[in-house]
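Please read all numbers here as calculations on a predicted model, not as lab measurements. Sequence lines set the chain letters: A, B, ... in the order given, protein chains first and strands last, and positions in each chain run from 1.
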Amino acid sequence: MDKTKKYLVTSALPYANGALHLGHLAGAYLPADIYVRYLRGMGCDVAFICGSDEHGAAITIRAKKEGITPQEIIDKYHALNKQTFEQLGISFDHYDRTSAPLHHETAQAFFKKLIEKGGELEERLSEQYFDEAFQQFLADRYIMGECPNCANPEAYGDQCEKCGATLSPMELKNPKSMLSGATPVLRETSHWYFRLDKHGDWLRDWIKTGVLDGQQHHDPSMWKNHVIGQCLSWLNDGEGLQPRSITRDLDWGIPVPMPGAEGKVLYVWFDAPIGYISSTKQWAADNGKNWEDYWKGDNVELIHFIGKDNIVFHCIVFPAMLKAHGDYALPINVPANQFLNFEGRKFSKSKGWGIEQHEYLEEFANFPNKEDALRWALIRNMPENKDADFKWDEFVDFYDKDLADNLGNFINRVLVLTNNYYGGKLPEPRHDAGNILIDVVALNGVLTDYKEAIESFNFRNAAQSLIGISSVGNLYLQEQKPWFWWKENPESQDVKNCLFNCFQIITLISVLCEPFIPYTSARIRRLLNLDDVQSGDLDKIFFSLNNVRFLLSPGHQVGQPEILFAKIHDRNDKSRLEIIERQKAKLKIIMANEATSVVEQPPIIPQPSSPIPLKEEIQYDDFAKMDIRTATITAAERIPKADKLLKLNVDLGFEQRTVVSGIAEHFTPEEVVGQRVLLLANLAPRKLRGVDSQGMILMAENAEGKLSFVQAGEAFGPGLGVK
RNA sequence: GGCGAGGUAGCUCAGCUGGUCAGAGCGUGCGAUUCAUAAUCGCAAGGUCGGGAGUUCAAGCCUCCCUCUCGCUACCA
């Protein structure tokens, strides 16, 4: 933490074709918000920047499916996400969108700068699918076909959503244009590529040692292990970095600012991170700042908060872009979080597993302090260094134990006593203030933990130390037992000192808790009759403590006690518990449905979301060309260095064949031997992993991707024809 | 198969460059207390630090092998 620096903190730009779930929040937005609020508290100059990522084919395709315009989609989700963040207290200084004209200009200027500079971009000719009916080239996502991996007939040109494989359009079987439905043809087109391959060497040094252009740019020991590990894994990959295509044929996005580039836009991955820059520009323009102060020069501390799926992009690709451009500062840290699971499984929108941010706000509408309750649960179990699991039971525990029993109860105890004894006025402590504050200053160990934890992005530790402070308060009360001495002597100076000191601790807590639970901070401040926490207050508090100054003065009037956190496990009021129970019940229903669907519909009738469309019509001759034979597997072994492949010996009755089959994930060699199968016997041989495969075993596949052998009746031996 | 990150008390996790590193929180048991939201405070529980071997005077912390989990990646006619 350095007050002379300009901090620019970003959270990953959410893609504006859907809502965000709690995992996103815990991964990239909440940690950034905590960090930023802390920096503000310490009086640092910080800009917290984010915005919607609104380009890309996924949005246009979705629009087409739903019969609406891309603009309608992005407007909807931009508004939803922006508003939800606000409600949860994610305190962006500016939340922009990549459809903004300023962003288009900025991204185009970035591209042109790279062109002018030379050597960073190159134009390449390649063959791409072209839809003749619509007279346009097809973006990867506009091509659908059969996945070569799992035979899903609805794989996209860039990815199969069923098996998750990364694909290229050329790999698809039976490609179809999503525009016309026709089979596209190959035509030559040109695209621009970013020469990422030229940046590998300095990137490796930069990541490993933190040295950039011969100067120490950052301290690599401050980076998370898994971040550095993953980057080096990429950089040291045998192939090295490859040039990356940065333009696409699409009508939704930022036009490529080059003559003859009609119909081409910047690939969304290229324009999106530039959104950090354009969003900063807009913020600066709106607030009388100079945006360049936050992006250029040695005085910039750029920090990207992201999820681990974004590590390579933010640590390798974007820095390479920035360096290639030349004007910009590189990130000082990329504290990526891992993934948050939900009750033991991955979040899955299609299965209804998990809860989205806005859903939470809706379903917890009647839950007091819902924003901080959620923030706290996510912080206490944040996936900082390894995947974590969100559980409702833990949500309850963290809320009841930490916030209600420990923190809230401490404040309540002190307020009750003070109102009873002194009419809510802070009593006058003994005059040797130095002695009195010793108790508070003794917290210094905890305070140091708090600062160090936040500055090293260990927010769950920092949260623990916050609770540690109210624990100190509870312990102090317990030991001083002012209620006991008051009964002995209502004028007891010890009682006055004790409660006076307790208010010093509460004031401290009101400031320290602000990064984590800002709504609660404001409520505590109100109880204390103080204004909300302001920029720089954290710094002032530390200064006061170090110089043994009061945080709250004698005679100060505080408010009536008020329950800050009504416990969820409350024997008089089950309403909060019921909200939780409803959530848990929803999950049980999902699990029950899954269980019954397995039991009640035994083996057959797998209902694919949409039936597999029939392939193109063929003639008998086409079929007759295939020589399918009954056969028996006589031996099987795994192929080394391949997870999916088995090498099979197949008996055709009149000859033996060797066949390589991608079934190793479904069957062990042992259970496959003796299996009677159908073999496509006249398929041209092909080498797989160095083994000659002479034919192909026919398999049936169900909706879950499970495989089953196809065979003739028991009495039918090997070598028989199939027609 | 390759690469990366992990496998530490019932649960969730801390443990920096090897020598008070065997810890914290929660749960559990016992005790104290009554100002408070059936809250608080204290004490206790003995986990071969995934398994095995090695380096060292000394190893969760270094090396090698094995194993499990997660992620990326290769093979998939």
Side-chain angles (χ1 to χ4, degrees), chain A residues 147-151 163-166 171 173 221 224-234 236-239 308-309 311-312 338-339 341 346 380-381 384-389 391 393-394 397-398 400-406 408-421 453 456 458 460-461 464 467-468 470-471 473-484 486-487 495 499 502 561-573 638-646 659-665 680 683-691 693-697:
Chain A
C147 173
N149 194 0
C150 70
C163 68
T166 305
E171 295 177 76
K173 292 182 241 177
S221 73
K224 298 188 182 190
N225 285 340
H226 70 269
V227 172
I228 292 184
Q230 194 174 331
C231 292
L232 293 180
S233 155
W234 258 64
N236 294 331
D237 183 46
E239 304 272 299
K308 70 173 160 185
D309 51 328
I311 289 175
V312 169
Q338 308 252 18
F339 287 154
N341 291 321
K346 287 175 188 164
R380 290 285 269 110
N381 205 177
E384 287 171 335
N385 295 306
K386 58 182 82 167
D387 288 356
D389 197 8
K391 298 191 183 84
D393 284 343
E394 286 188 346
D397 273 356
F398 291 142
D400 277 359
K401 310 283 181 210
D402 290 345
L403 299 180
D405 292 350
N406 195 322
N409 187 40
F410 169 63
I411 293 172
N412 190 243
R413 300 170 80 181
V414 175
L415 276 170
V416 166
L417 291 172
T418 305
N419 273 284
N420 287 346
Y421 298 168
S456 53
N458 294 317
R460 42 200 290 176
N461 284 352
Q464 295 254 31
I467 293 303
S470 62
S471 279
N474 276 318
L475 171 58
Y476 179 64
L477 266 188
Q478 205 64 29
E479 286 177 342
Q480 297 290 317
K481 42 186 175 181
W483 51 87
F484 177 83
W486 164 266
K487 285 172 194 157
V495 174
L499 290 175
C502 284
E562 175 189 313
I563 299 294
L564 280 172
F565 300 97
K567 288 188 69 162
I568 295 170
H569 283 297
D570 183 332
R571 53 177 171 167
N572 298 318
D573 181 357
R638 296 195 69 104
I639 291 187
K641 303 188 180 184
D643 286 351
K644 297 188 183 175
L645 300 183
L646 287 187
V659 174
V660 177
S661 186
I663 58 174
E665 287 184 333
L680 180 56
L683 184 67
R686 171 167 164 154
K687 261 201 170 58
L688 290 170
R689 279 276 164 191
V691 179
S693 179
Q694 305 157 317
M696 178 176 165
I697 308 281

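Consecutive pairing runs in RNA chain B reach the stem threshold at B:1-7 with B:67-73, B:10-13 with B:23-26, B:28-32 with B:40-44, B:50-54 with B:62-66, where a stem means at least three Watson-Crick or G-U wobble pairs with distances under 3.5 Å.
Of the listed nucleotides (C26(B), C35(B), U40(B)), C26(B) has the atom at the smallest distance from the side chain of D397(A). Of the candidate nucleotides C41(B), U34(B), C75(B), U34(B) has the atom lying nearest to any side-chain atom of K487(A). Distances from the side chain of L475(A) to the nucleotides A77(B), G42(B), C3(B) place G42(B) closest. In the set A5(B), C35(B), C26(B), the nucleotide with an atom closest to the side chain of K401(A) is C26(B). Closest to the side chain of L417(A), out of C41(B), C35(B), A77(B), is C35(B).
The same atom, C1', is picked in C16(B) and in G29(B); the two are 36 Å apart, to the nearest Å. For the P atoms, the distance from G1(B) to C43(B) is 50 Å, rounded to whole Å.
Atoms CG (N412(A)) and P (A39(B)) sit 14 Å apart, rounded to a whole Å. W234(A) has its CH2 atom 17 Å from the P atom of C3(B), to the nearest Å. A24(B) atom P lies 17 Å from atom CG of D402(A), rounded to whole Å. For the pair N406(A) CG and A36(B) C1', the computed distance is 13 Å after rounding to whole Å. In this structure, the CG atom of N474(A) is 16 Å from the P atom of U34(B), given to the nearest Å. Nucleotide U73(B) holds its P atom 13 Å from the CD1 atom of I311(A), rounded to whole Å. Per the geometry, NZ belonging to K224(A) stands 15 Å off P belonging to A5(B), to the nearest Å. Nucleotide A36(B) holds its C1' atom 9 Å from the CG atom of L477(A), rounded to whole Å.
For the side-chain hydrogen bond (donor to acceptor under 3.5 Å, both in side chains) test, residues two or more places apart in sequence or in another chain that qualify with R380(A) are D402(A). For N419(A), the side-chain contact (heavy atoms from CB on, under 4.5 Å) partners at least two apart in sequence or on another chain are L415(A), Q560(A), P561(A). Every residue two or more places apart in sequence or in another chain was checked for a ring pair (Phe, Tyr, Trp, His ring centres under 6.0 Å) with F398(A), and none qualifies. For W486(A), the ring pair (Phe, Tyr, Trp, His ring centres under 6.0 Å) partners two or more places apart in sequence, or in a different chain, are Y421(A).
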After noting the C-alpha distance and the side-chain angles of D387(A) and N341(A), does the key distance pass the side-chain hydrogen bond (donor to acceptor under 3.5 Å, both in side chains) rule?
CA-CA 7 Å; D387(A) 288 356; N341(A) 291 321; 4.7 Å; no
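No donor-acceptor distance shorter than 3.5 angstrom exists from the side chain of K346(A) to the backbone of F339(A), with no hydrogens or angles considered.
Nearer the 5' end of RNA chain B, as judged by each residue's closest nucleotide, is the contact made by Q230(A), out of Q230(A) and V414(A). Residue A566(A) is the one, among A566(A) and M696(A), whose nearest nucleotide of RNA chain B lies closer to the 5' end (criterion: closest heavy atom).
Glycosidic conformation of G15(B): anti, with the torsion beyond 90° of 0.
With contacts defined as side-chain heavy-atom distances shorter than 4.5 Å, the pair R460(A)/N381(A) qualifies.
If you check distances only, the side chain of D405(A) never reaches the base of A39(B) with a donor-acceptor pair under 3.5 Å. Judged by distance alone, with hydrogens and angles left aside, Q478(A) brings a side-chain donor or acceptor within reach of the base of U40(B), the pair sitting under 3.5 Å.
At least one side-chain nitrogen or oxygen of N225(A) sits closer than 4.0 Å to the OP1 or OP2 atom of G6(B). The side chain of K308(A) places no N or O atom within less than 4.0 Å of a non-bridging phosphate oxygen (OP1 or OP2) of G4(B).
Q338(A) comes within 4.0 angstrom of sugar-phosphate atoms only, judged by non-hydrogen atoms across all strands, and of no base. Using a 4.0 Å heavy-atom cutoff across all strands shown, I563(A) reaches at least one base atom of the nucleic acid. Counting any heavy atom pair closer than 4.0 Å across all strands shown, L415(A) reaches no nucleic acid atom. Contact annotation for F339(A): no contact, since no heavy-atom pair falls under 4.0 Å across all strands.
No salt bridge links K391(A) with D397(A); every basic N to acidic carboxylate O contact stays at or beyond 4.0 Å.
Counting only N and O atoms by type, the side chains of Q338(A) and K308(A) include a donor and acceptor under 3.5 Å apart. A donor-acceptor contact closer than 3.5 angstrom is absent between the side chains of N385(A) and N225(A).
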Its contact letters, B for base, S for sugar-phosphate only and - for none at protein heavy atoms under 4.0 Å, make nucleotides 7-14 of chain B read -----SSS
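Taking every heavy atom of both residues into account, P482(A) and L477(A) meet most closely at CD-O, 3.6 Å.
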